[in-house]
Amino acid sequence: MSNVRVRFAPSPTGDPHVGNIRTALFNYLYARHTGGKFIIRIEDTDQVRLKEGSDQAIYDSLRWLGIHWDEGPDVGGPHTPYRQSERLDLYKKHALELVEKGMAYYCFCSAERLDNMRKLQETAKKAPMYDRRCLELTKEEVQEKLAAGESCVIRLKVPREKTTEFDDLIRGKVSFENSVVDDQVLIKSDGFPTYHMACVVDDHYMDITHVIRAEEWISSTPKHVILYNAFGWNPPKFAHAPMVLAPDRSKLSKRHGATGVKQFKELGYLPEALVNFLAFLGWAPQDEREIFSLEELAKEFEIERVNKSGAIFDMNKLEWYNGYYIRHIETADLARRILPFLERAGMQVEYSDYLGECVGLVQERMKTLLEAPELLGFFFEAPDYDKELLIPKKSDVETTKLALQKCYDVLKKLTDWSHDPMDQKLRAAATELGIKAGQILWPLRAALTGKSASPGAFEVALVLGKEEVLERLQRALLKVC
Ligand code: GLU
């Protein structure tokens with residue numbers, strides 16, 4: 001049994017972003033690869049940014065992708081509670097311990113004072129830093145202010161003269177001069193801990209061995225290491241995965257289109273495709289293979305193979321993966337997954353063998369499930385279209401009229417409703433009329449589908465059945481007459 005314990009620590013601020021889910025996936029894969037445990041911890045200490053229902057949205061997204069966790073707020077575990085708002089006493093106790101040891105201090109500075117200080121530092125092109133005014137307060141002064149109920153925070157006293165280093169599993173040695181690390185707030189005036197404080201205390205108490213997160217957190221890591229040192233705890237191992245970027249190399253955000261997992265689900269992406277795609281955002285296997293199931297990814301995934309440079313979120317690649325998985329899953333499975341999309345488009349269709357046959361015909365060309373109503377609609381309702389559609393490029397109305405009539409007569413007489421006899425009879429009919437096969441097959445296909453691109457005329461005719469085909473041919477004839 002491995003002792004690896006990793007965590008995904010989302011802040012519940014809405015539909016989870018694919019960048020965050022990529023982080024969750026890397027943690028999950030690392031846990032499964034090493035036989036360790038994957039933990040979910042909800043980091044809800046920023047009360048202003050909370051969005052109701054986010055916890056559920058996070059669980060739903062992960063479960064939809066097939067990512068399951070061993071411990072978490074909803075499944076419990078040995079370190080419960082796994083929601084930070086339920087662990088406030090623990091953070092406070094530890095912050096007070098640091099105050100006792102002289103490693104942290106109360107700060108009573110007003111927001112206005114801090115704001116002015118920041119502005120002055122900005123103008124002077126200096127890094128924003130607290131000026132440690134409250135460090136000069138005597139113990140008595142602090143007690144007086146506390147007794148008077150003055151609003152305050154607790155700050156860490158960063159040992160300024162040192163350098164903080166850590167070994168990043170992806171980036172190697174990373175070092176920061178403490179002189180640029182601010183005296184970070186540990187406990188806010190509302191009594192809630194800051195991210196830094198809660199993260200360190202929880203990672204320690206939850207026995208987290210590896211912190212795998214996106215590069216945007218790398219500047220927080222020295223602060224965390226300083227905190228670990230102040231507590232006298234061993235820090236976990238760190239791995240900062242590259243950021244997920246838009247094609248213009250800026251941080252992927254809403255203005256680039258869909259970014260939420262739920263959005264991709266609604267756009268008709270398969271979880272298998274999204275997982276496979278997300279795994280490749282910053283990671284690659286040893287060989288050239290691109291298609292991996294979640295289990296295969298877990299087998300291959302090595303944190304050392306995660307690269308440093310930003311990973312581009314390329315929608316075309318995601319579409320490619322989606323098309324691949326759509327083509328490769330069982331048709332019956334695909335048909336079932338399509339149902340909610342048909343329903344959303346107002347089509348009242350239930351699962352049936354007929355639906356399966358229709359889906360089988362469009363499976364090759366479907367890129368997202370969202371295209372299903374458009375690709376399948378004509379199987380369920382006679383299409384409406386312009387008369388021009390019936391006329392092939394190098395033909396005319398008269399020829400098309402003759403062709404459709406002939407087609408109708410031939411198919412009406414056809415007793416064996418299968419591919420080869422249909423094919424032979426219609427080709428013979430074209431020869432008889434002195435026209436090309438296409439001049440009869442195009443109008444037939446157009447009459448059946450109402451589309452310029454669709455599966456072939458025979459395939460569609462076979463699935464629709466004789467009666468429906470004849471009816472649609474009659475409608476087409478009415479259009480050209
Ligand atoms: N709550 C942070 C987030 O929203 C967690 C960062 C970390 O993994 O330490 O991503």
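Counting begins at 1 with the first residue of the sequence. Each ligand, and each atom within it, is numbered from 1 in the order the structure gives.
Counting non-hydrogen atoms of other residues, nucleotides and ligands closer than 6.0 Å to NZ of Lys317 gives a total above 12. The environment of NZ in Lys451 is crowded: more than 12 heavy-atom neighbours from other residues, nucleotides or ligands sit within 6.0 Å.
Nearest non-hydrogen protein atom to atom 4 (O) of ligand 1 is Ser11 OG, 3.1 Å. Given atom 1 (N) of ligand 1, the protein heavy atom at minimum distance is Glu43 OE1, 2.6 Å.
Side-chain N/O atoms of Arg365 and Ser454 include no donor and acceptor closer than 3.5 Å.
When Trp217, Phe238, Tyr195 are checked for heavy-atom proximity to atom 3 (C) of ligand 1, Trp217 turns out nearest.
Applying the ring-ring contact (aromatic ring centres under 6.0 Å, His included) test to every pair with at least one member in residues 326-348, sequence neighbours left out, gives these pairs: Tyr324-His328.
Residue contacts with ligand 1: Asn20 is placed with no nitrogen or oxygen under 3.5 Å of a nitrogen or oxygen of the ligand (distance criterion only). Some N or O of Ala9 is nearer than 3.5 Å to an N or O of ligand 1, by distance alone.
With a heavy-atom cut-off of 4.0 Å, Phe8 does not touch ligand 1 at all.
Checked against the 6.0 Å centroid criterion, the rings of His196 and Trp217 do not qualify as a close aromatic pair.
Taking a cut-off of under 4.0 Å to the non-hydrogen atoms of Arg7, the atoms of ligand 1 that pass are 7 (C), 8 (O), 9 (O).
A salt bridge does not link Lys237 to Asp167: none of the charged nitrogens lies less than 4.0 Å from a carboxylate oxygen.
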